[in-house]
Amino acid sequence: MTPLTATLFLLFLQLFSTGCEKKKLLIGGMFPMSGGWAGGIGCLPATQLALHDVNKNESLLQDYELELVQVDSKCMPGLSLKKMYDLLYDNETKLILLTGCSSVSTFVAQAAHMWNLTVLSYGSSSPALSDRQRFPTFFRTHPSATLNNPTRLMLFKKYGWQRIATLQQTEEVFTSTIKNLEEVIKAGSSVDAPIEITVRQSFQTDPSNAVKSLKMQDARIIVGVFYEDMARKVFCEAYREKLYGKKYVWLIIGWYPDLWYMKPDPDVDCTPEQLKIALEGHLTTEVVQYNLNGAKVTDTGITTNSFLERLETVLQKLNGSDDSASLSSLAGFVEAPLAYDAIWALSFALNKTIGDLKIKGLSLEDFTYQDSVTKDTILDNLNKTDFEGVSGRVSFTSTGDRIAKIQIEQMQNGIYRKIGVYDYMSDDLTWQDNDDWEDDHPPADRTLIIDKLRKISKLLLYIMVVLSSVGVIFSVSAILFNICSLRYSIVRNSLPCMNTLIACGCIICLACVPLFGIDGEWASVEKYPTFCQVRTWMIMIGFTLSYGTMFVKVVYSWQISKISKESKAFKNAAVQPDSVELLIPKWKPYSLLASLLALDLIILIVWQKLDPLKRIVDSFPTELPDASVQSDIKFQPLLERCSSKHMTAWIGITYGYKGFLLIVGLFLAYETRNVKIRAINDLRLLAMAVYNIVVLCLIAVPVTLIIPNQHNARFAFVSVATIISCVLTVALLFIPKMLPILSNRLDMDEEETQKSLLNHENEKRYDELKKKNERIKQEISQKENQIQKLHAALQRKYTTQLSSEDQGTSDSAFCEDNSKEQEPL
Ligand code: ABU
């Protein structure tokens with residue numbers, strides 16, 4: 001061969017080879033090989049498979065070859081920006097950027113349009129990325145996480161969960177997911193069964209406090225959105241806090257690889273076994289990322305099954321493992337079909353773009369970062385994408401999102417099991433009925449709080465009712481006795497009318513005892529306020545009738561004794577019954593009693609009109625039915641009581657006024673204990689009754705104020721104090737009068753009784769007077785005897801004189817003698 005021939009041959013070869021060589025279209029690929037979502041591990045091989053298949057395909061991009069220039073973004077936004085600059089400003093212009101991991105895509109897609117670059121993501125779920133203003137050149141084959149939210153709402157409704165808690169990592173991808181969940185819930189929950197997010201917790205890198213708060217706030221149904229590395233930390237904390245088991249359901253992201261919790265993680269202090277325990281039964285929702293018809297040949301030329309087989313072969317070679325189970329636990333394995341389809345979607349769009357650009361006299365290989373025409377044409381064609389890929393139907397909404405079905409899985413014995421598929425667009429749920437729950441039913445969304453009204457012990461109530469009834473019978477008997485025994489001075493001289501009023505007051509107070517024990521068991525909610533009113537009226541009137549009358553009696557006695565002491569006529573002498581009326585008219589004490597009653601009535605009427613008593617229910621800390629058992633049921637102890645708006649003021653007025661009467665009564669009773677008033681013969685006993693009431697009131701009132709929540713103790717205390725004070729009062733005032741009369745020692749008795757009622761000084765004086773009286777009586781009878789003797793003697797003498805007159809005696813001599821005889825008289 002001559003040199004010319006050789007030169008021509010080489011030139012021809014060069015020309016031929018140049019003509020056959022495909023033009024490279026460069027794709028800048030960012031793959032997270034580590035970090036929150038290390039999806040590059042599964043997605044990079046899938047992308048390479050797709051590039052291989054596309055480049056091999058004769059009908060696509062004939063003159064072009066797609067080439068990937070990849071970098072590791074580590075799922076870190078800051079680093080990814082640096083890597084993006086490296087990609088843009090190495091020697092060759094990139095036509096498209098391929099991204100994974102939402103936080104990276106958010107940064108890259110926000111900046112890329114400045115270089116007229118289109119960003120296509122195979123692994124970004126952030127709902128925030130659907131914002132066309134912010135991300136004008138962004139497309140993704142990965143569906144938005146918002147697609148999970150209608151499915152979550154469907155699950156809430158299906159299981160009857162209304163109180164939802166959320167736990168999120170503070171990344172925009174999760175913040176926007178939860179924001180969208182709130183909107184979906186708001187729009188989709190019905191008025192009859194409203195669903196609401198009641199607890200919201202978030203964390204950046206350490207979820208311990210957030211998990212503790214969830215526990216404290218009794219969160220049961222927890223929607224958790226966080227990256228896989230954080231998920232291990234969250235469930236380790238949930239294990240420690242015992243936020244798992246039959247009472248709790250976690251709904252988390254479904255795109256973590258299988259057995260993600262087994263991955264060794266130096267940042268997590270729990271063993272895989274512990275994580276497995278904490279994760280048991282949790283639910284996941286995730287977009288179906290592979291074609292449900294695995295055997296169907298897709299528009300990419302292969303079936304989903306064959307794609308997965310090829311991917312597994314590649315991954316086995318890369319990872320040196322032939323266990324398909326362990327391959328599915330590689331990060332990004334789930335999203336691999338999305339990465340494969342992303343390259344195909346790009347190829348279809350670029351294929352169309354070639355023709356479109358040709359018309360405009362442009363070509364793909366001439367693309368520069370200033371070329372907005374090419375960029376717009378690519379975007380236009382990506383928008384029109386519609387093909388059947390290995391991940392299902394690939395088409396984009398106006399915001400660049402994909403539409404897909406959602407798969408629901410549950411962890412059963414440490415393995416994810418598919419339990420249903422939900423098509424949000426057609427609201428079609430395919431439920432497999434294989435969900436499994438520890439208690440055979442899904443947990444409740446809250447602890448069932450059952451109201452438990454604290455009631456007075458029936459036995460205690462019956463005992464008090466019996467005792468108070470005995471007291472009433474005794475008081476009624478005392479009144480009857482009082483009325484029937486008025487002919488006895490012992491009764492007559494004790495102001496019997498007042499004693500009857502005292503006993504009546506005691507009967508009213510005793511009748512209040514059963515009313516103190518009325519609670520929800522006996523009175524309906526509507527009737528309860530009536531009981532409140534009735535018993536307040538009764539106890540106030542009863543107290544004034546009993547104690548008020550005693551007070552009046554004591555005041556009356558004190559006034560009499562004071563006046564009698566000052567008056568010379570009564571000095572050092574007992575005031576006689578007839579004299580009392582002269583000192584102070586009897587209507588006066590009754591008018592004082594009437595004033596006290598009138599004051600009561602005024603207070604009660606004003607109280608009832610202005611601020612009526614109502615049924616108030618106090619609640620106490622919830623109690624477990626059985627402290628040893630983890631239960632969904634708790635009891636809420638409730639206690640009814642009567643109260644009004646300004647109860648403290650009313651209590652202050654009533655107690656203040658009654659307290660004043662008690663103190664003054666006590667003082668006067670002490671002062672008059674030794675006073676001698678025949679008309680009021682039971683002053684000493686009255687004083688004792690006053691002491692008894694004062695002491696019991698002084699003990700009972702503060703104690704009942706201190707233990708308002710101990711309903712049984714309070715009731716027992718108030719009832720016993722009422723019964724004792726009433727029965728003792730009636731007993732002290734009536735029994736010393738009843739005994740002598742009823743034992744028929746009437747005559748001797750009256751004196752004896754009187755004697756017993758008078759004080760010692762009186763007794764001595766009485767004995768002296770009695771002796772003196774007897775002496776006088778004796779003297780009188782002696783004188784009478786003498787008179788009779790004289791009379792007899794005179795008669796004899798007169799008879800003798802009459803007979804001697806006959807014999808000549810005169811009348812004047814008889815008179816003289818008679819006067820002489822009468823003198824000693
Ligand atoms: N399925 C992976 C999504 C990762 C991300 O949105 O960051």
Side-chain angles (χ1 to χ4, degrees), residues 29-44 46-47 72-81 97-110 119-131 134-135 138-149 151 168-181 224-232 251-258 260 263 284-290 328-342 390-392 394 399-402 404-409 416:
M30 296 179 145
F31 291 88
M33 306 308 280
S34 56
W37 180 66
I41 296 171
C43 290
L44 179 58
T47 309
D72 179 6
S73 71
K74 296 189 177 165
C75 200
M76 289 160 74
L79 178 75
S80 66
L81 274 187
L97 287 180
L98 205 60
T99 60
C101 186
S102 292
S103 43
V104 168
S105 301
T106 310
F107 275 67
V108 171
Q110 229 168 170
V119 181
L120 181 57
S121 178
Y122 53 88
S124 300
S125 59
S126 174
L129 288 164
S130 303
D131 184 347
R134 228 174 122 194
F135 312 103
F138 181 76
F139 286 85
R140 53 181 162 183
T141 48
H142 193 299
S144 163
T146 52
L147 281 185
N148 290 297
N149 290 335
T151 313
Q168 63 168 91
Q169 187 180 350
T170 45
E171 289 275 355
E172 192 178 20
V173 47
F174 305 121
T175 314
S176 50
T177 304
I178 293 300
K179 193 170 160 236
N180 175 262
L181 177 65
V225 282
F226 25 74
Y227 278 123
E228 182 197 326
D229 52 349
M230 288 300 149
R232 278 186 288 272
L251 284 100
I252 60 169
I253 286 167
W255 42 254
Y256 304 156
D258 287 351
W260 58 272
K263 191 174 164 187
T284 65
T285 53
E286 183 46 7
V287 181
V288 179
Q289 287 162 353
Y290 50 88
S328 66
S329 64
L330 286 176
F333 183 83
V334 181
E335 292 85 355
L338 303 174
Y340 186 84
D341 282 348
V390 291
S391 64
V394 184
T399 52
D401 286 339
R402 255 192 87 174
K405 290 182 181 177
I406 303 288
Q407 168 176 295
I408 305 148
E409 289 184 318
Y416 282 114

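Atoms within each ligand, like the ligands themselves, are counted from 1 in listed order.
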>> Looking only at side-chain N and O atoms, does Thr141 offer a donor or acceptor that is under 3.5 Å from a partner on Asp341?
In response: no
> Among side-chain atoms of Ser105 and Ser124, is any donor-acceptor pair under 3.5 angstrom?
Replying inline: yes
>> Determine whether a donor-acceptor pair (N or O, by modelled atom type, separation under 3.5 Å) exists between the side chain of Asn149 and the backbone of Thr177.
In response: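 Checked: pair present.
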> What residues come within 4.0 Å of ligand 1, counting heavy atoms only?
Replying inline: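 The 4.0 Å shell around ligand 1 contains Trp37, Cys101, Ser102, Gly123, Ser124, Ser125, His142, Tyr227, Trp255, Glu335.
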>> Can you list everything that forms a side-chain contact (heavy atoms from CB on, under 4.5 Å) with Lys405? Sequence neighbours excluded, please.
In response: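 Checked Lys405 against side-chain contact (heavy atoms from CB on, under 4.5 Å); matches are Val288, Leu292, Val421, Asp423.
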>> Among residues at least two apart in sequence or on other chains, which ones pass side-chain contact (heavy atoms from CB on, under 4.5 Å) with Thr151?
In response: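 Once residues adjacent in sequence are excluded, the partners of Thr151 under the side-chain contact (heavy atoms from CB on, under 4.5 Å) criterion are Met154, Thr285, Ile406, Ile408, Tyr422.
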> Taking only residues two or more places apart in sequence, or in another chain, which ones meet Phe226 in a ring-ring contact (aromatic ring centres under 6.0 Å, His included)?
Replying inline: none
